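Scroll down for the structure; my scribbles are underneath it.
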Protein chains: 2
Amino acid sequence: MLDETFRALADPTRRSIIDILAAGDRSVGELVDQFDFAQSGISRHLTVLERANLIVRRRAGQKRICSLAANPLEEADDWIRRYREHWGARLDRLEVHLAEDEG
Amino acid sequence: MLDETFRALADPTRRSIIDILAAGDRSVGELVDQFDFAQSGISRHLTVLERANLIVRRRAGQKRICSLAANPLEEADDWIRRYREHWGARLDRLEVHLAEDEG
DNA sequence: CCATCTTATTACTACAGTGTGATATATCAA
DNA sequence: TTGATATATCACACTGTAGTAATAAGATGG
């Protein structure tokens, strides 16, 4: 799952799509208009984002509206935070060590 | 830069390497022992991680010791956090909206 | 039904990523 | 220097990804 999440985020176009959707929902066509790629390319990017549970698409007449998923990036955030906390903890230990040397 | 970071994290072997290094520094050979991949494959994974500024390698005699980079994942963390805050803000607005409907 | 609009899917090309074994490079020890 | 150890790099195969144009499929309106 983390594989799919991080891989989805590794593409700048897909991150841009997420940025746009963070400002509000958009139809597929509205998203296509924001980029210089063919409609088929954007459609596939949306499929990648959807399979990574980062966005959802719902029908609204002929259009399909894209929005951010309900609770996305939780797993990715957890992973990164755990890792960064590890790093922070090691720094703290280093500081303690230095303080002990001084005392 | 985010491209490289997220792409580096998209591989489970590389995330495992990071997990191992979070517990302490390791030589390349020690890392190779933990996996069922050829030495050349691990070496290349390490190069990917290093280019993404997630780890550093330093010489120690014949060996090269791998450790986590000094301040890694900051950018990735910022990106994810900004995005999750957006999502949190939207939830808050929804709650306000619902509260107004009730009142 | 037919025409149109919107989006998804397919077929294709080009390139990048991941794995391998073989080989090169660097360091140490004698 | 020679030999051993540790790591990096190369050449290759295979797979996956991102882009395109063309086509299919779903929804709406007449």
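Computed from a prediction, not measured in an experiment: that's the story for all the values here. Numbered from 1 within each chain, the chains take letters A, B, ... in sequence-line order.
Of all non-hydrogen atoms in A:A8 and A:R14, the two that sit nearest each other are O-NE, 2.8 Å. Taking each heavy atom of B:S67 and B:D25 in turn, the nearest pair found is CB-OD1, 3.0 Å. Counting all heavy atoms, side chain and backbone alike, B:V28 lies closest to B:C66 at CG2-SG, 3.9 Å. Residues A:A76 and B:I80 come closest through the heavy atom pair CB-CD1, 3.9 Å. Heavy-atom minimum distance, A:V32 versus A:F37: CG1-O, 4.3 Å.
Summarising the geometry, the separation between CZ on A:F35 and P on D:dT20 is reported as 12 Å, rounded to the nearest angstrom. Nucleotide D:dG16 holds its C1' atom 12 Å from the CZ atom of A:R51, rounded to whole Å. Atom P of nucleotide D:dA27 and atom CD1 of A:I65 are separated by 14 Å, given to the nearest angstrom. Atoms CZ (B:R7) and P (D:dT17) sit 10 Å apart, rounded to a whole Å. Atom CZ of A:R58 and atom C1' of D:dG26 are 18 Å apart (whole Å).
Interface residues of residues 40-49 of chain B facing DNA chain C, ordered by number: B:S40, B:G41, B:R44, B:H45; criterion, heavy-atom separation under 4.0 Å. Less than 4.0 Å separates DNA chain D from at least one heavy atom of each of the following residues of residues 27-34 of chain B: B:S27, B:V28, B:G29.
Each of C:dT7, D:dG19, C:dG21 was ranked by its minimum atom distance to the side chain of A:R64; first place goes to C:dT7.
Put simply, A:I18 and B:L2 are part of the same group of oily side chains (I, L, V, M, F, W, Y) that touch within less than 4.5 Å, one to the next.
A side-chain donor-acceptor contact under 3.5 Å links A:R15 to the backbone of A:L9.
Contact between the side-chain N/O atoms of B:R14 and the OP1/OP2 oxygens of C:dT18 is found at a separation under 4.0 Å.
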### Query
Which letter, B, S or -, goes with each nucleotide of nucleotides 23-30 of chain C from 5' to 3', with contact meaning a protein heavy atom under 4.0 Å?
---SBS--

